[in-house]
Amino acid sequence: MSCQSAGSSTATRAVLFAARKAHGRPARTGRPCTLADKAKVAIFISGRGSNMAALLYASQLPEAAYEVVLVAANDPSADGLQLAAAEGVHTFALSHQGMPRADHEAAMEKAARQAGADYIILAGYMRILTDRFVKRWQERMLNIHPSLLPKYPGLDTHQRAIDAGDSHGGVSVHLVTPDLDAGEVLGQMKVAIREGETAESLAERVRYAEHQLYPRILGDYVSRESDPSFLLERVRKLALALPQTHERESHGAPGWRAGSEKSGKYFAYFNDQHHGSDHVALLVKTSGMDELLNLVEAQPHAYFKPAYYGASGWIGLILNRPNLDWEHVGEWLERSWRSIAPKSVTRLMNVAEEF
Ligand code: GRF
């Protein structure tokens, strides 16, 4: 996670550089990024695969933040499979015909996992996915849709935009959720609708826009997990969602307290590469030194003993690492909050949880 050169995305490097400068530390050059540092993506297609091709070639740029570890299709004759294979990318094809939906997607998923994918990228994949599958890949599955969502989810998007007299059609990249084309929109590009436009002519130009947008948005998205400001925003949201909490800076770092402004106590701090450490971390309270040392020893990729705070039982939960489980971060925050929050408030919370 701490590589700083060609392999990590420009955006990520810029953020880390800015973050270090802001803290008065020189930017590190560090070891060069290797393929192992890049996010691994599996792309699912059903046909031509022009978006897949755009993603694949963009991944070959030196600063790309992701690599394509698999191209998989539900149609063995999908053109995109040949293109991917010719570029040396591992492919997988399995017709969905005659197979229960869940079995087919389980086979696609297995291929993605075996290829080591951290993300599934849908690019013209014409299968509806089960809710269970979507939930398993929540926040790790992106799709591209040829309209300016929330306008025109579903099919026939171009004709619907023309019929409505819209000045623009366009394209959206969004997170996949169980509701069709309804997940958070990560990026959009508008495409002008001209006089006499047909659905075909508009689709052709929208595709140019798609090929620009998808690689950029995917690159930025997979880089977020090492972006300190993104991580801080997420932690802040979780911390402030707990009852009777407020934020207060402590020695230049954001911290969160439970109780009143006057007599509240800290239950969490955010550390951005403090004291020469590579970590962007959340500091929370353990039950004591035994637990802290055991966790650090058993899971050094996830925990560390922070300078100064470690001595009084605060543990560093490393946030800038792949596949971070945000539910787990939320659980740590709640636990730490419970250990210092006024009993009157935790009692109320216990009662609420029973219902
Ligand atoms: C694209 O228009 C995309 O927006 C939609 O399906 C189409 C796939 O085209 N989801 P291609 O196979 O990438 O050329």
Side-chain angles (χ1 to χ4, degrees), residues 41-60 66 68 70-87 89 91-96 105 108 112 117 119-129 133-134 137 140-163 166 168-193 197-219 221:
V41 310
I43 306 181
F44 286 10
I45 62 169
S46 290
R48 168 180 22 204
S50 70
N51 278 286
M52 177 278 295
L55 290 164
L56 176 54
Y57 290 117
S59 78
Q60 292 175 5
Y66 66 88
V68 180
L70 177 76
V71 171
N74 63 316
D75 176 356
S77 66
D79 286 344
L81 287 172
Q82 284 184 21
L83 184 147
E87 296 298 347
V89 175
T91 61
F92 174 81
L94 178 67
S95 170
H96 60 273
E105 72 184 14
M108 296 284 289
Y119 297 86
I120 289 180
I121 305 305
L122 307 179
Y125 188 59
M126 300 305 282
R127 299 285 299 157
I128 289 175
L129 300 163
F133 179 83
V134 171
W137 288 88
R140 305 242 147 219
M141 182 152 58
L142 274 62
N143 184 39
I144 187 156
H145 181 76
S147 81
L148 296 171
L149 291 170
K151 278 188 161 180
Y152 317 127
L155 298 174
D156 287 331
T157 54
H158 306 305
Q159 193 59 54
R160 285 154 73 198
I162 294 168
D163 291 348
D166 292 354
H168 289 81
V171 55
S172 308
V173 173
H174 65 95
L175 289 176
V176 179
T177 55
D179 295 327
L180 184 70
D181 301 329
E184 180 192 344
V185 171
L186 301 172
Q188 292 186 312
M189 201 175 270
K190 283 163 61 170
V191 174
I193 296 181
E197 194 83 83
T198 63
E200 291 70 35
S201 64
L202 181 57
E204 194 185 327
R205 288 200 327 292
V206 165
R207 201 161 276 120
Y208 294 139
E210 292 184 346
H211 298 168
Q212 296 298 315
L213 188 70
Y214 214 177
R216 169 68 69 94
I217 298 296
L218 175 58
Y221 186 73

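Whatever order the structure lists ligands and atoms in, that order sets their numbers, starting from 1.
- Under the rule for a ring pair (Phe, Tyr, Trp, His ring centres under 6.0 Å), the partners of Tyr125 that lie at least two apart in sequence or sit in another chain are Phe44.
- Here's the thing with Ala123: none of its N/O atoms is less than 3.5 angstrom from an N/O atom of ligand 1.
- Few gaps surround CD on Glu87; more than 12 heavy atoms of other groups in view lie less than 6.0 Å from it.
- Near Ser50, meaning under 4.0 Å from one of its heavy atoms, ligand 1 places the atoms 11 (P), 12 (O), 13 (O), 14 (O).
- More than 12 heavy atoms of other residues, nucleotides or ligands lie within 6.0 Å of CZ in Arg140, so this atom counts as buried by the packing criterion.
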Less than 3.5 Å apart, which donor and acceptor atoms pair up between the side chains of residues 72-86 and the rest of the protein, not counting sequence neighbours?
residue	atom	partner	partner atom	Å
Asn74	OD1	Ser46	OG	2.8
Asn74	ND2	His96	ND1	3.1
Asp75	OD1	Ser77	N	2.8
Asp75	OD1	Ser77	OG	2.8
Asp75	OD2	Ser77	OG	3.4

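- For the pair Ile45 and ligand 1, no heavy-atom separation below 4.0 Å is found.
- Every atom of ligand 1 is numbered from 1 in the order shown, and the set under 4.0 Å from a heavy atom of Gly124 is 6 (O), 8 (C), 10 (N).
- Contact detail for Val185 and Ser172: the closest heavy-atom pair is CG1-CB, 4.4 Å.
- Close approach of ligand 1 to Arg48 (heavy-atom distance below 4.0 Å) involves ligand atoms 12 (O), 14 (O).
- The distance from ligand 1 to the heavy atoms of Glu210 drops below 4.0 Å at these ligand atoms: 1 (C), 2 (O), 3 (C), 4 (O).
- A side-chain donor from one of Ser50 and His211 sits under 3.5 Å from a side-chain acceptor of the other.
- For ligand 1, the polar-atom distance check against Gly49 finds a nitrogen or oxygen pair separated by under 3.5 Å.
- Among all non-hydrogen protein atoms, the one lying nearest atom 10 (N) of ligand 1 is Ile144 O, 2.9 Å.
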